[in-house]
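The structure presented is a predicted model; accordingly, all values stated were derived computationally and were not measured. In what follows, every heavy atom counts, from backbone to side chain, and hydrogens, waters and symmetry copies are set aside.
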Amino acid sequence: MKRAKKMNYKRIDYEVFITIGWVIFWLAFLAICFDISEGIGGIGAFLSGIFAPLALFWFYKSYRIQSSELKLQREELTLQRKALEQSVLAQRGSETALKEQSEALFRQLEIIENQYTDYLKIVNSKRPLFDIVYQGLEREKNPLKWRLFLIMVILSKDLKLLESSTL
């Protein structure tokens with residue numbers, strides 16, 4: 001495609017030289033053969049006779065250049081359309097892969113949820129069924145008495161004995 005564009009530009013350069021030669025030839029002819037008696041109107045008619053064929057020629061050349069550019073543009077659009085169709089096919093493939101991946105992640109999430117509920121059941125089953133509360137003894141205010149109380153709880157096997165004892 002680049003080669004075709006270079007050829008078009010070389011043709012334009014060639015045609016520019018022909019146009020310049022055309023104008024120089026007729027202006028030289030005007031300078032040699034001009035009769036003052038014809039006046040400015042004669043010069044205008046002569047110049048319009050020189051430039052009318054050039055205008056028609058360059059109009060035709062611009063039409064041809066535009067046609068070739070439109071042809072190249074159509075070819076490029078066809079290539080873009082094909083690439084877009086391939087892109088759509090690739091996106092459909094990635095869509096199915098993403099669906100499969102999301103389903104796998106959902107199954108994995110369900111497994112993790114089941115494991116977590118099993119873990120919570122195990123943790124809840126290991127909790128003591130009763131809480132030892134010693135009223136009047138606050139951990140923060142009297143840490144020594146609290147430690148002694150805990151030692152007594154650990155050493156004592158009988159809870160009723162603990163309720164009747166005082167510190």
Side-chain angles (χ1 to χ4, degrees), residues 1-131 133 138-141 143 146-147 150:
M1 288 186 189
K2 289 184 178 181
R3 186 175 179 193
K5 286 184 178 183
K6 286 183 180 180
M7 291 177 68
N8 284 340
Y9 291 133
K10 287 181 180 178
R11 275 190 181 156
I12 289 174
D13 289 340
Y14 176 71
E15 290 158 353
V16 167
F17 291 128
I18 289 176
T19 302
I20 291 171
W22 174 271
V23 170
I24 291 174
F25 172 77
W26 286 109
L27 288 178
F29 182 77
L30 176 67
I32 294 171
C33 299
F34 179 66
D35 188 12
I36 295 179
S37 63
E38 292 181 21
I40 296 178
I43 293 174
F46 182 77
L47 291 176
S48 68
I50 292 173
F51 289 111
L54 286 178
L56 183 62
F57 172 73
W58 282 104
F59 175 75
Y60 173 73
K61 286 307 296 176
S62 65
Y63 172 76
R64 295 288 301 217
I65 291 170
Q66 191 175 18
S67 295
S68 66
E69 290 294 324
L70 286 174
K71 181 180 177 183
L72 291 174
Q73 192 176 24
R74 270 187 258 123
E75 291 173 1
E76 185 66 30
L77 286 173
T78 303
L79 292 174
Q80 286 180 352
R81 183 174 38 98
K82 288 178 182 177
L84 183 62
E85 289 171 355
Q86 291 175 353
S87 172
V88 166
L89 292 175
Q91 286 179 352
R92 286 182 184 155
S94 67
E95 178 185 0
T96 56
L98 284 174
K99 282 182 181 179
E100 291 172 0
Q101 186 178 15
S102 65
E103 289 171 359
L105 286 173
F106 184 72
R107 286 189 301 257
Q108 190 176 19
L109 179 64
E110 287 177 344
I111 292 170
I112 291 172
E113 285 177 347
N114 291 336
Q115 287 175 346
Y116 183 70
T117 54
D118 291 343
Y119 170 76
L120 286 179
K121 287 178 186 176
I122 292 170
V123 168
N124 288 335
S125 69
K126 291 184 177 181
R127 280 193 181 163
L129 299 176
F130 56 89
D131 287 334
V133 178
E138 295 178 18
R139 185 177 183 177
E140 293 82 19
K141 290 185 179 178
W146 179 255
R147 285 186 191 145
L150 287 177

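- When the shell of 6.0 Å around CD1 of Ile40 is examined, it contains 12 or fewer heavy atoms from other residues, nucleotides or ligands.
- Note that CH2 of Trp58 is 4.5 Å distant from OG1 of Thr19, once rounded to the nearest 0.5 Å.
- Contact annotation: the side chain of Leu47 never approaches that of Trp26 to less than 4.5 Å [non-hydrogen atoms, C-beta and beyond].
- Of all heavy-atom pairs between Gly49 and Pro53, the closest is O-CD, 3.1 Å.
- With sequence neighbours excluded, the residues satisfying salt bridge (charged side-chain N to carboxylate O under 4.0 Å, His left out) with Glu95 are Lys99.
- Within the 3.5 Å criterion, the main-chain N or O of Ala83 finds no donor-acceptor partner in the side chain of Ser87.
- Taking the side chain as every heavy atom from C-beta outward, Leu30 and Ile50 never approach each other to under 4.5 Å.
- Atom OG of Ser102 sits about 9.0 Å away from atom CZ of Arg107, to the nearest 0.5 Å.
- Classification of the Phe29-Phe46 ring pair by plane angle, with boundaries at 30° and 60°, yields parallel.
- A heavy-atom distance below 4.5 Å is not found between the side chains of Leu79 and Glu75.
- Under the ring-ring contact (aromatic ring centres under 6.0 Å, His included) criterion, Phe25 pairs with no residue, sequence neighbours left out.
- Not a single side-chain hydrogen bond (donor to acceptor under 3.5 Å, both in side chains) links Ser94 to another residue, sequence neighbours left out.
- In this structure, Glu85 and Val88 have side chains that are not in contact, with every pair of non-hydrogen atoms separated by 4.5 Å or more.
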For Leu84 and Gln80: C-alpha separation, side-chain torsions, deciding distance, then whether side chain to side chain contact (heavy atoms under 4.5 Å, CB included) applies. CA-CA 6 Å; Leu84 183 62; Gln80 286 180 352; over 6 Å; no
